[in-house]
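Predicted model only: the values in this text are computed from it and were never measured.
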Amino acid sequence: MAKRKSGSIAVPFLVTIFIGLIVVGGAAFGIYRYLGFGKTTAPPEPTPRTGQTISYDDNHTILMILDEPEQRCSSTFVLMRSIPIKKEIVFIGLPTNMISLIDGAQQGLKDSYDRGGANSAVDFVQKSFGITVDRYMKFDSASFKKACDIFGGVSYEVNVDIAGFKNDGSSQYMNSTQIETFVTYSMFKGGERERALQSAALLSAMVNQADGKRIADGFDGSFNSIINLVGDTTVTSVDYKNHKVAIKNMFENGSSIAVSLTIDGTDAGQDFLPSENFIKSVVENYFTDENLGSDSPVAPAPTPDTENTPAEPDNSERATINAPLEEGVPLEEGETVTVGTDAPAEETSASEETSAEETSEAAEQ
């Protein structure tokens, strides 16, 4: 009997094993997928991009008071107007001997403060300027120097004979202690008016010389540090939360954001009477948005002749921090948009159509 060749037995055996592996492997893969293993999960929907809006609602006014009885100097008053939509901070030094006719009686800033504290000083400033002062901050030595340290001091031209300073009008660097000494110096040639002017100008220079990006990045910690040191203030953490995006954007993206105003007026003996024209100018340039619609605005605009004067186009300011987006395109996270507060065009068009219909009906009658 002839012997079989071993190769004729090996080939069918290998084919059988191969087919078995395919069948078993396919079944195992089917079970693997059926049980949910190896499924590719669809990527989640992208989170909608959101943005923060900066408007005139972010404007705010704070009366800053430096009260240091140990310096043997009257308190220092500076009115700060912050306008984030324009990336601008305005400092107005208020002489302590400033007087004003309020409710038919002469009143003074220092007397009001000495009599009723910071709230009375705020009330005096509001009635003198015809504005709203939103908050006040009363600094002592520690909190004032802390604020100066956060901004990093200032280089400022000094032309007054104070111990430790050059009296030649040259620019010299001041640390927080020197700044405190300067603004509480009581022997300025121009008296309290000059001290107020110098205080506002120095604060303006300090803000402009600071690294805005650094200030913006550390603003949360800086606010907490100062607010914990200031013993008497109406500024709250809620105020900061509501405005911090606008304030941080102003510091980070603005350039030379601070200006100081020299208060104009008349010296009357030991008192100072501010100019009515100066007050009107300040209100018109920096407080107009909050006085629109007021029952008795300080600087009312003349009533236009609507019958003979054509309507002027709306030129209210609008600015966008980032490039404008097309309709339907959301903002990147953290992007901010600056807008004005003018009325929508649809409302104007509707009003004009209504007026035209009323005129037509009157003509037919």
Would a 4.5 Å heavy-atom cut-off, applied to side chains only, mark V282 and L261 as touching?
yes
Establish, from distance only, whether the side-chain atoms of D168 and S170 form a donor-acceptor pair under 3.5 Å.
yes
Grab the two heavy atoms, one from M98 and one from P274, that are nearest each other, plus how far apart they are.
CE-CG, 3.7 Å
Test of understanding: clusters of I, L, V, M, F, W, Y form through side-chain heavy atoms closer than 4.5 Å, transitively. Do I226 and V238 belong to the same one?
no
Atom CD1 in I179, atom CG in L203: separation rounded to 0.5 Å?
8.0 Å
Give a yes-or-no answer on whether the side chains of D123 and S120 include a donor-acceptor pair shorter than 3.5 Å.
no
How long is the span from the OG atom in S75 to the CD1 atom in I65, to the nearest 0.5 Å?
7.5 Å
Any donor and acceptor pair, going by atom type alone, linking the side chain of N97 with main-chain N or O of E192 inside 3.5 Å?
no
How far does CD1 of I92 sit from CG of L79, to the nearest 0.5 angstrom?
5.0 Å
Spell out, as yes or no, whether a donor-acceptor pair under 3.5 Å connects the side chain of Q209 to the backbone of M206.
no
Distance only, no hydrogens: is a donor on one side chain within 3.5 Å (strictly under) of an acceptor on the other, for E157 and S171?
no
Side-chain contact, heavy-atom cut-off 4.5 Å: F219 with R214?
no
State, to 0.1 Å, how close P95 and F272 come at their nearest heavy-atom pair, and which atoms those are.
CG-CD2, 3.9 Å
Restricting to non-hydrogen atoms, name the atom on A201 and the atom on S260 that form the minimum distance, rounded to 0.1 Å.
CA-OG, 3.5 Å
Tightest non-hydrogen contact, residues D140 and E68, listed as C-CG, 4.4 Å
Does the side chain of T132 come within less than 4.5 Å of T61's, by heavy atoms?
no
Under 3.5 Å side-chain donor-acceptor pair for E180 and S141:
yes
Are the side chains of L94 and L63 in contact, using a 4.5 Å heavy-atom criterion?
yes
Do T181 and M174 have side chains that approach each other closer than 4.5 Å (heavy atoms only, starting at C-beta)?
no
Is there a side-chain contact between Q107 and F124 in this structure, where contact means two heavy atoms from C-beta onward sitting under 4.5 Å apart?
yes
ILVMFWY network linking F223 to V207, side-chain heavy atoms under 4.5 angstrom:
yes
Treating D239 as the side-chain partner and T236 as the backbone partner, does any N or O pair qualify as donor plus acceptor under 3.5 Å?
yes
Any salt bridge linking K127 with D103? Criterion: basic side-chain nitrogen under 4.0 Å from a carboxylate oxygen.
yes
Check step by step if ring-ring contact (aromatic ring centres under 6.0 Å, His included) holds for F182 and Y156.
CA-CA 11 Å; F182 184 80; Y156 191 73; 5.7 Å; yes
Could you state the interatomic distance from CZ (R135) to OG1 (T234), rounded to the nearest 0.5 Å?
5.5 Å
Distance-only side-chain donor-acceptor flag, D58 / H243, under 3.5 Å:
yes
Less than 4.0 angstrom from a charged side-chain N to a carboxylate O is my criterion; do D149 and K145 meet it?
no
Would you call the rings of F151 and F251 parallel, tilted or perpendicular, where under 30° means parallel and over 60° means perpendicular?
tilted
Is there a side-chain contact between K213 and I215 (heavy atoms, below 4.5 Å)?
no
Flag this pair as yes if the NZ/CZ of R195 is under 6.0 angstrom from the six-membered ring centre of Y185 and inside a 45 degree cone about the axis; otherwise no.
no
Can a donor-acceptor pair be found, under 3.5 Å and without considering hydrogens, that links the side chain of N285 to the backbone of S281?
yes
Same cluster or not: V283 versus V90, using hydrophobic residues (I, L, V, M, F, W, Y) connected whenever any side-chain heavy atoms lie under 4.5 Å apart?
yes
Where do Y113 and F77 land on the ring-ring contact (aromatic ring centres under 6.0 Å, His included) test, with the steps shown first?
CA-CA 10 Å; Y113 178 69; F77 299 90; 5.4 Å; yes
Hey, could you give me the CG/CD distance between N167 and Q172, rounded to the nearest 0.5 Å?
9.0 Å
Kindly compute the distance separating CG (L109) from OG (S100), expressed to the nearest 0.5 Å.
10.5 Å
Say whether, by atom type as modelled, one donor and one acceptor occur between the side chain of N224 and the main chain of D220 under 3.5 angstrom.
yes
Over all atoms of both residues, closest heavy-atom pair of S199 and V78:
CB-CG2, 4.2 Å
Give a yes or no on whether K248 atom NZ has more than 12 heavy-atom contacts from other residues, nucleotides or ligands under 6.0 Å away.
yes
Can you confirm whether I227 sits close enough to V235 that some side-chain heavy atom of one is under 4.5 Å from a side-chain heavy atom of the other?
yes
Restricting to non-hydrogen atoms, name the atom on M80 and the atom on F91 that form the minimum distance, rounded to 0.1 Å.
CG-CE2, 3.6 Å
What orientation do F144 and F139 show, parallel under 30°, tilted 30 to 60°, or perpendicular over 60°?
perpendicular
